[in-house]
Amino acid sequence: MKLAENKATLTYNNGASSIDLPVYQGNIGPDVIDIRKLYAQTGMFTYDPGFLSTASCQSSITYIDGDKGELLYRGYPIEQLATNCDFLETCHLLLYGDLPDAAGKIEFSERVTHHTMVHEQMQFFLRGFRRDAHPMAILTGLVGALSAFYHDSTDINNPAHRDISAIRLIAKMPTLVAMAYKYNAGQPYMYPKNNLSYAGNFLHMMFATPCEEYVVNPVIERALDRILVLHADHEQNASTSTVRLCGSSGTNPFAAIAAGVACLWGPAHGGANEACLNMLEGIMKNGGIETVGEFMEQVKDKNSGVKLMGFGHRVYKNYDPRAKLMQETCKEVLAELGLENDPLFKLAMALEKIALEDDYFVSRKLYPNVDFYSGIVQRAIGIPVELFTAVFASARTVGWMAQLNEMISDPEYKIGRPRQLFTGETRRDVPPMSDR
Ligand code: ACO
């Protein structure tokens, strides 16, 4: 980060002397005012719940221009990556800073492929869950439990430990997600197959059974791969910030990623794809496409508590570029499966059209986000709704690990410890029981 020529000056209207604060410039995006010494100099904190104006770190991984609707991984536009690269190339890019060459791609794929099996003991751990447990509850537990299986890679300060943990996590996440699915379905777990692509193997572990040969459909394989590429990283979102904060205490990488999985689960974040599909199915049950106008009136009524799930974003104030790519994939998958007239897709298109023309959404710059169409694609592929967020977690694991690596390698890194504005009771004495 580069020190800007200008400084920010903080002045008070009570006669206290003003102070100068350094300003830093990134390569693109807004400058930042460095307030690290503010408390030491003034005895005051800044107040920014929800981090509306606070950069929590410097990062060189992912850049979003929310006004333009642009997303870059290590400088490459998401549209080019989604069209020209597969998920493992994207993982290499995010983790190591650049796309692999042909030999590097083979080597990286082989490393990941040879770590896809999980310890046999893991299935006994999984058996402790109820069969109807939510896959994200299972995944939070299983990922955290990995720290009990890989004692040789739990030192977050050791780059080699972090590297092998990243490979293990990227490799094993689909295996764990598929195991959670099979456990719920009451079907036998399918071991990974090394001759398949990352996405192909994911589909195989989910949908194959030992009874017959499973042939991977290349259109579905590409669609799943694209879902993974589009969800691989998204700078300092809630789950990534959770991973960073959790990792900043020096905990092991598996524990930090488990914290990210837990955060991603929420409907305002990764759980939005599940919430979006439930919303679409709810509209279909309650009268179908003819009732979208009525539904939109509820969305616009602040007292109803109804939101248009899959719409809006803290950073994008324009069309989420991932939503465009996901809509394209959605059309491809539905055509391949003969579902062009899928009522949920038609409903989603109708809602999108109304929202893009309605002043409520236009004035608030609310556009479809990636989750608006990803649920429809996943449902068409045959992935059950409650598993959507777990698929997202598989994709985001690489981003979380890349961000964790970056944080630990940053010489300015410290344990994350926000401060507060205290509004509770001031000091008082505990009354005797008879007076309470
Ligand atoms: N439906 C209806 N109104 C909305 C929606 C929505 N989906 N999203 C935002 N708004 C309204 C808010 O009520 C608010 O209105 P107001 O200014 O009149 O009070 C205004 O738009 C601004 O919204 P905020 O909630 O302040 O924006 P914030 O940045 O805090 O929230 C969020 C962003 C959480 C994503 C929100 O848009 C939302 O809940 N969307 C639905 C859930 C969703 O799709 N989440 C996925 C995000 S992408 C991801 O994690 C992969």
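Just so you know, ligand 1 is whichever comes first in the structure, and atom 1 is the first atom listed for that ligand. Numbers for residues simply follow the sequence, beginning at 1.
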Would you mind checking which non-hydrogen protein atom is closest to [atom], with the distance to 0.1 Å?
atom	answer
atom 48 (S) of ligand 1	H313 CD2, 3.5 Å
atom 50 (O) of ligand 1	H269 ND1, 3.0 Å
atom 19 (O) of ligand 1	K302 NZ, 3.2 Å
atom 49 (C) of ligand 1	D371 OD2, 3.7 Å
atom 35 (C) of ligand 1	G312 O, 3.7 Å
atom 11 (C) of ligand 1	Y360 OH, 3.7 Å
atom 36 (C) of ligand 1	K307 NZ, 4.0 Å
atom 23 (O) of ligand 1	L366 CD2, 5.0 Å

Atom OH in Y367, atom CZ in F361: separation rounded to 0.5 Å? 12.5 Å
Going by the angle between their ring planes, with limits at 30° and 60°, are Y181 and F207 parallel, tilted or perpendicular? perpendicular
With no hydrogens and no angle check, do the side chains of S59 and E235 hold a donor and an acceptor under 3.5 Å apart? no
Got more than 12 heavy atoms from elsewhere within 6.0 Å of CE, M117? no
Is [atom] less than 4.0 angstrom from at least one protein heavy atom?
atom	answer
atom 4 (C) of ligand 1	yes
atom 21 (O) of ligand 1	yes
atom 7 (N) of ligand 1	yes
atom 26 (O) of ligand 1	no

Based purely on interatomic distance, does L308 place a nitrogen or oxygen under 3.5 Å from a nitrogen or oxygen of ligand 1? yes
Please identify which of these residues, N405, N252, L404, meets the side-chain contact (heavy atoms from CB on, under 4.5 Å) condition with I156. L404
Close approach, F392 and ligand 1, non-hydrogen under 4.0 angstrom: yes
